[in-house]
Amino acid sequence: MDIRLQTSAGKYFCWLFLLLITAFEGRSQTQLLKDVKELSSDSYQGRKTGTEGNRKAAGYIISRFRAIGLKGYHDAYKQGFTLKDRGKKFSGTNLVGYIPGKKNDVIVISAHYDHLGIVGGKIYNGADDDASGVGGLLHLAAYFAANKPEHTLIFAAFDAEEMGLKGSAYFVANPPVPLSSIRLNINLDMISHNDKGELYVCGTYHYPELKDYLLIPDPKIKLLPGHDNPKNGTKDDWTFQGDHGMFHKAKIPFLYFGVEDHKDYHQPTDDFANINKEFYANAVNTILTVVKNYDQGLTKQQLFRNKRVMR
């Protein structure tokens, strides 16, 4: 074959491949926003634990687990538990699915789907807190369903976080796999609302070896380690301010991704219209890169070495 034809065909297939990748990413981002918009709509009435709106949100997440193709440890992905809050007994439901990896070592990717419900006649929809984390979790699940991971990945949508991390506490006390097999928790909570392009990653103070996996090629946002030093006081230390804290108590390393508090935090204005959509998409892609780095054992040193070889 004429070398010019070979070159032309190569360029065509390269162009076609890039077109398909772009189309896939476009569909994925559309679904990402669709999930957050749905879960933070008024019809879910703020997703408070024990309410009909919370159960409806669980049903939606389960439908997405099924569509993605996650396997379940429990009946219909549900891990039920009971809790008490202010003298009242509630039923909570964690939603747990998984993708088997090439080995049995486990990464738990988590986000909480409950929020504050209706307060003073106003619906607290919790678009950033934490429909955004659930949307990110579903996005990561869809990616790894199509790209088999090295580790077994558990995707856990926790209930009753707003009532004191009850869902994650129950999960850690009643894990579907031995705790000794869980190598890392990646927790997503409030990842869609920041006007400075800043996403914090908490956990490297306690587990400095995890810094090696935070290299993000061509970053579109600022990934900032911090908010995990106990010397800075409880207000600035997020170690136990989210579901990752329950894993840390069990001596399981964690990386928590989130933004600093904003004007809509725990307000009825935390609506889909007020999230930063471009920032959100970039934040989720950044988290995906970190998960891939850890899953594949790609440290900063290895990434730099690979880059030199490619040159």
Side-chain angles (χ1 to χ4, degrees), residues 28 31-40 44 46-49 54 57-65 68 70 77-79 92-99 106-116 125-145 153-172 182 184-194 199-203 238 240-248 252 254-259 265-266 270 272 275 280-281 283-288 290-291:
S28 297
Q31 184 64 56
L32 175 69
L33 294 176
K34 180 181 177 181
D35 287 333
V36 177
K37 185 176 183 179
E38 176 66 23
L39 286 168
S40 61
Y44 292 86
R47 309 186 306 277
K48 185 174 182 178
T49 301
N54 177 278
Y60 177 82
I61 295 166
I62 287 172
S63 72
R64 293 285 292 118
F65 276 15
I68 290 167
L70 297 188
Y77 306 104
K78 294 180 180 180
Q79 183 190 48
T93 306
N94 292 331
L95 308 172
V96 184
Y98 73 99
I99 297 172
V106 174
I107 302 171
V108 176
I109 300 172
S110 61
H112 73 92
Y113 71 94
D114 65 298
H115 195 52
L116 303 178
N125 282 318
D128 189 38
D129 186 13
D130 184 32
S132 69
V134 177
L137 179 149
L138 294 171
H139 183 88
L140 267 59
Y143 174 85
F144 285 107
L153 303 182
I154 293 178
F155 295 88
F158 292 131
D159 198 0
E161 190 270 356
E162 300 287 4
M163 291 183 173
L165 317 181
K166 301 298 186 183
S168 53
Y170 185 85
F171 177 91
V172 171
I182 301 177
L184 179 68
N185 169 232
I186 301 279
N187 190 39
L188 285 56
D189 194 347
M190 295 174 58
I191 57 172
S192 67
H193 191 151
N194 185 273
L199 178 69
Y200 277 89
V201 53
C202 167
W238 297 349
F240 295 104
Q241 294 188 25
D243 290 315
H244 50 277
M246 296 298 102
F247 290 87
H248 180 57
I252 296 171
F254 74 90
L255 289 174
Y256 158 53
F257 294 89
V259 300
Y265 170 67
H266 278 196
D270 186 8
F272 178 75
I275 70 170
Y280 179 43
V284 172
N285 286 332
T286 294
I287 296 166
L288 174 59
V290 173
V291 176

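Worth saying up front: this structure is predicted, and the values here are computed from it rather than measured.
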**Student:** Using side-chain contact (heavy atoms from CB on, under 4.5 Å) as the criterion, point out the one residue from V134, I61, L70 that pairs with L95.
**Tutor:** I61
**Student:** Determine whether V96 and Y77 satisfy the following criterion, side-chain contact (heavy atoms from CB on, under 4.5 Å), listing intermediate values before the conclusion.
**Tutor:** CA-CA 5 Å; V96 184; Y77 306 104; 5.8 Å; no
**Student:** Over all heavy atoms of both residues, which pair between S40 and F272 is shortest? Give the atoms and the distance, please.
**Tutor:** OG-CB, 3.7 Å
**Student:** Please evaluate residues Y280 and V36 with respect to the criterion side-chain contact (heavy atoms from CB on, under 4.5 Å), reporting the C-alpha separation (whole Å), side-chain torsions for both, the decisive distance (0.1 Å), and the verdict.
**Tutor:** CA-CA 10 Å; Y280 179 43; V36 177; 3.2 Å; yes
**Student:** Ignoring hydrogens and angles, state whether a donor on the side chain of H115 or N54 is under 3.5 Å from an acceptor on the partner side chain.
**Tutor:** no
**Student:** If you look at every heavy atom in D130 and A111, which pair is closest and at what distance?
**Tutor:** OD2-CB, 3.5 Å
**Student:** Can you tell me how far apart CD1 (I252) and CD1 (I107) are? Round to the nearest 0.5 Å.
**Tutor:** 12.5 Å
**Student:** Closer than 3.5 angstrom, by distance alone: can the side chain of D189 be matched with the main-chain N or O of Y256 as a donor-acceptor pair?
**Tutor:** no
**Student:** Using a 3.5 Å distance criterion without hydrogens, assess whether the side chain of S110 forms a donor-acceptor pair with backbone atoms of A156.
**Tutor:** no
**Student:** Quick one: pull up CG in L140 and CG in L288 and give me the separation to the nearest 0.5 Å.
**Tutor:** 5.0 Å
**Student:** By the definition side-chain contact (heavy atoms from CB on, under 4.5 Å), identify the one residue from D243, I154, D159 that meets it with F171.
**Tutor:** I154
**Student:** Strictly under 6.0 Å, is that where the ring centroids of F254 and F247 end up?
**Tutor:** no
**Student:** Supply the atom-to-atom distance K166 NZ to T49 OG1, rounded to the nearest 0.5 angstrom.
**Tutor:** 11.0 Å
**Student:** Taking side-chain contact (heavy atoms from CB on, under 4.5 Å) as the test, write out the residues that go with D35, two or more places apart.
**Tutor:** Q31, Y60, R64, L138
**Student:** I need the F155 CZ to I186 CD1 distance, nearest 0.5 Å.
**Tutor:** 10.5 Å
**Student:** Kindly compute the distance separating CZ (F158) from CG (N94), expressed to the nearest 0.5 Å.
**Tutor:** 5.5 Å
**Student:** Looking only at heavy atoms, what is the nearest atom pair of I275 and A127, with distance?
**Tutor:** CG2-CB, 4.0 Å
**Student:** Could you check V291 against Y143 for side-chain contact (heavy atoms from CB on, under 4.5 Å), going step by step and ending with a plain yes or no?
**Tutor:** CA-CA 11 Å; V291 176; Y143 174 85; over 6 Å; no
**Student:** Calculate, to the nearest 0.5 Å, the distance between atoms CD1 and CG belonging to I287 and L199 respectively.
**Tutor:** 5.5 Å
**Student:** Just checking, any donor-acceptor pair under 3.5 angstrom between side chains of D128 and H193?
**Tutor:** no
**Student:** Looking at K48 and L116, what are the two nearest heavy atoms and their distance?
**Tutor:** CD-O, 3.7 Å
**Student:** For D129 and H112, what are the C-alpha separation, side-chain angles and deciding distance, and is it a side-chain contact (heavy atoms from CB on, under 4.5 Å)?
**Tutor:** CA-CA 8 Å; D129 186 13; H112 73 92; 3.1 Å; yes
**Student:** Could you tell me which residues satisfy side-chain contact (heavy atoms from CB on, under 4.5 Å) with A169, sequence neighbours excluded, listed by chain and number?
**Tutor:** M246
**Student:** Heavy atoms, side chains only, cut-off 4.5 Å: are Y200 and N194 in contact?
**Tutor:** no
**Student:** State whether the side chain of D270 and the backbone N or O of H266 hold a donor-acceptor pair below 3.5 Å, judged by distance alone.
**Tutor:** no
**Student:** Using the test ring-ring contact (aromatic ring centres under 6.0 Å, His included), find all partners of Y170 that sit at least two apart in sequence or belong to another chain.
**Tutor:** F81
**Student:** For the backbone of W238 and the side chain of H244, can you confirm whether one donor and one acceptor N or O come within less than 3.5 Å of each other?
**Tutor:** yes
**Student:** Of all the heavy-atom pairs spanning N125 and R47, show the shortest one and how long it is.
**Tutor:** O-NH1, 2.6 Å
**Student:** Which pair of non-hydrogen atoms, one from L165 and one from G242, has the smallest distance, and what is that distance?
**Tutor:** CD1-O, 3.4 Å
